[in-house]
Amino acid sequence: MIPSVQQCFALMTKYEMLENIKAHSIMVEKIASLVARSLQEAGDTLSLEKVTAGALMHDIAKTQSLKTREDHSAKGSEICLQNHLDEIADIVAEHVVLKAFDQDGPVLEKEIVYYADKRVNHDKVVSLEERLAYLIRQYGKGDERLIRRMGKNFEMCKQVESKLFSKLRFAPQDVAGLIQP
């Protein structure tokens with residue numbers, strides 16, 4: 001099942017999502033929906049419902065994971081499956097790191113949510129470079145292996161960005177101006 005927006009917000013309440021994480025998720029959804037709608041207009045076949053729900057739910061386990069230190073993307077996917085949201089579980093599971101990426105394949109909903117998440121610091125639209133710098137400061141803690149992994153993940157994200165925007169009439173730097181506050 002793909003949850004409605006109302007069901008997503010009810011689950012945010014049920015899992016006691018912090019307000020700042022909810023604000024982040026709402027902004028990720030705005031970017032993801034803008035990109036998905038624009039790709040649909042360019043002729044791609046995508047489920048806007050999956051993108052919307054996946055973006056709103058991508059950090060459903062983040063609040064509890066701050067306490068338990070478990071992987072919030074894996075736990076979030078588990079929460080989706082427990083709530084019979086099988087159609088978005090993979091989007092939630094792969095919003096931090098995509099398991100596989102095909103530059104030449106069709107655009108997938110999980111690629112859009114993965115990308116949109118990388119464009120939002122808290123509830124502000126930022127560049128990929130700004131987001132990476134923030135994540136390194138916040139979570140890198142001088143761990144060179146982790147920092148290299150983050151860098152590799154953002155190299156992939158730039159490839160995703162290139163794939164998404166090759167079909168769009170606007171550029172990545174235009175996103176912030178196209179989002180409704």
Side-chain angles (χ1 to χ4, degrees), residues 1-9 11-12 17 20-60 62 73 76-77 80 85-135 150 152-181:
M1 175 179 97
I2 301 171
S4 68
V5 170
Q6 294 80 5
Q7 288 169 319
C8 289
F9 280 101
L11 287 164
M12 289 175 178
M17 184 182 279
N20 62 311
I21 297 171
K22 190 182 294 184
H24 166 80
S25 298
I26 290 167
M27 186 56 72
V28 169
E29 187 278 326
K30 287 180 181 185
I31 294 172
S33 291
L34 168 72
V35 170
R37 276 193 310 275
S38 300
L39 285 166
Q40 280 181 329
E41 290 166 11
D44 280 14
T45 303
L46 293 160
S47 167
L48 191 54
E49 293 78 17
K50 279 176 75 170
V51 169
T52 297
L56 288 172
M57 294 289 291
H58 80 278
D59 274 347
I60 192 64
K62 184 81 171 187
S73 57
S77 178
C80 288
L85 310 179
D86 304 43
E87 292 189 54
I88 64 163
D90 66 325
I91 295 172
V92 174
E94 296 187 48
H95 82 272
V96 175
V97 178
L98 289 174
K99 290 186 175 102
F101 173 64
D102 182 357
Q103 180 78 38
D104 301 316
V107 172
L108 305 175
E109 290 86 356
K110 65 183 172 182
E111 294 169 349
I112 296 170
V113 173
Y114 164 83
Y115 173 75
D117 183 45
K118 305 298 179 283
R119 291 295 309 272
V120 181
N121 257 358
H122 304 291
D123 63 348
K124 303 284 184 263
V125 180
V126 296
S127 69
L128 291 177
E129 293 75 18
E130 289 172 281
R131 177 72 167 159
L132 176 58
Y134 167 79
L135 291 173
M150 289 175 167
K152 272 187 75 168
N153 192 31
F154 271 77
E155 286 173 25
M156 180 187 289
C157 195
K158 287 183 183 190
Q159 292 175 9
V160 172
E161 180 177 70
S162 172
K163 178 180 178 177
L164 298 177
F165 284 85
S166 69
K167 301 176 181 187
L168 300 182
R169 294 186 193 150
F170 56 93
Q173 59 269 24
D174 300 329
V175 169
L178 296 170
I179 299 296
Q180 302 300 317

Between atom [atom1] of [X] and atom [atom2] of [Y], what is the distance when rounded to the nearest 0.5 Å?
| X | Y | atom1 | atom2 | value |
| --- | --- | --- | --- | --- |
| Leu46 | Ile112 | CG | CD1 | 4.5 Å |
| Leu108 | Leu98 | CG | CG | 8.5 Å |
| Glu111 | Gln103 | CD | CD | 9.0 Å |
| Phe154 | Arg131 | CZ | CZ | 6.5 Å |
| Leu39 | Ser166 | CG | OG | 8.0 Å |

[X] and [Y]: which non-hydrogen atoms are nearest, and at how many Å?
| X | Y | answer |
| --- | --- | --- |
| Val51 | Ser33 | CG1-N, 4.1 Å |
| Met150 | Leu135 | CE-O, 3.6 Å |
| Met57 | Leu85 | CE-CD1, 4.0 Å |
| Ile2 | Ser47 | CD1-OG, 4.2 Å |
| Val92 | Gly76 | CG1-C, 3.4 Å |
| Glu94 | Tyr114 | O-CD1, 3.7 Å |

Side-chain touch [X]/[Y], heavy atoms, less than 4.5 angstrom:
| X | Y | answer |
| --- | --- | --- |
| Ile88 | Pro3 | yes |
| Leu56 | Met12 | yes |
| Lys118 | Asn153 | yes |
| Leu128 | Tyr115 | yes |
| Glu87 | Glu109 | no |
| Met17 | Ser25 | yes |
| Val120 | Val126 | no |
| His58 | Ile91 | no |

N/O donor-acceptor pairs under 3.5 Å from side chains in residues 167-177, not counting sequence neighbours:
| residue | atom | partner | partner atom | Å |
| --- | --- | --- | --- | --- |
| Lys167 | NZ | Asp44 | OD1 | 3.0 |
| Lys167 | NZ | Asp44 | OD2 | 3.2 |
| Asp174 | OD2 | Ala171 | N | 2.9 |

Handout entry: Residues forming a side-chain contact (heavy atoms from CB on, under 4.5 Å) with Ser73, sequence neighbours excluded
Key = Asp71, His95, Val96
Exercise for the section: For the pair Lys163 (side chain) and Gly105 (backbone), establish whether a donor and an acceptor sit closer than 3.5 Å, ignoring hydrogens and angles. Expected result: yes
Practice task
Please check if the side chain of Lys110 supplies one atom and the backbone of Ala89 the other of a donor-acceptor pair under 3.5 Å.
Solution key: no
Handout entry: Steps toward side-chain contact (heavy atoms from CB on, under 4.5 Å) verdict (Lys158, Glu129)
Key = CA-CA 10 Å; Lys158 287 183 183 190; Glu129 293 75 18; 3.0 Å; yes
Exercise for the section: Determine the sole option in Asn121, Asp123, Asp117 for which the side-chain contact (heavy atoms from CB on, under 4.5 Å) test with His24 is passed. Expected result: Asp117
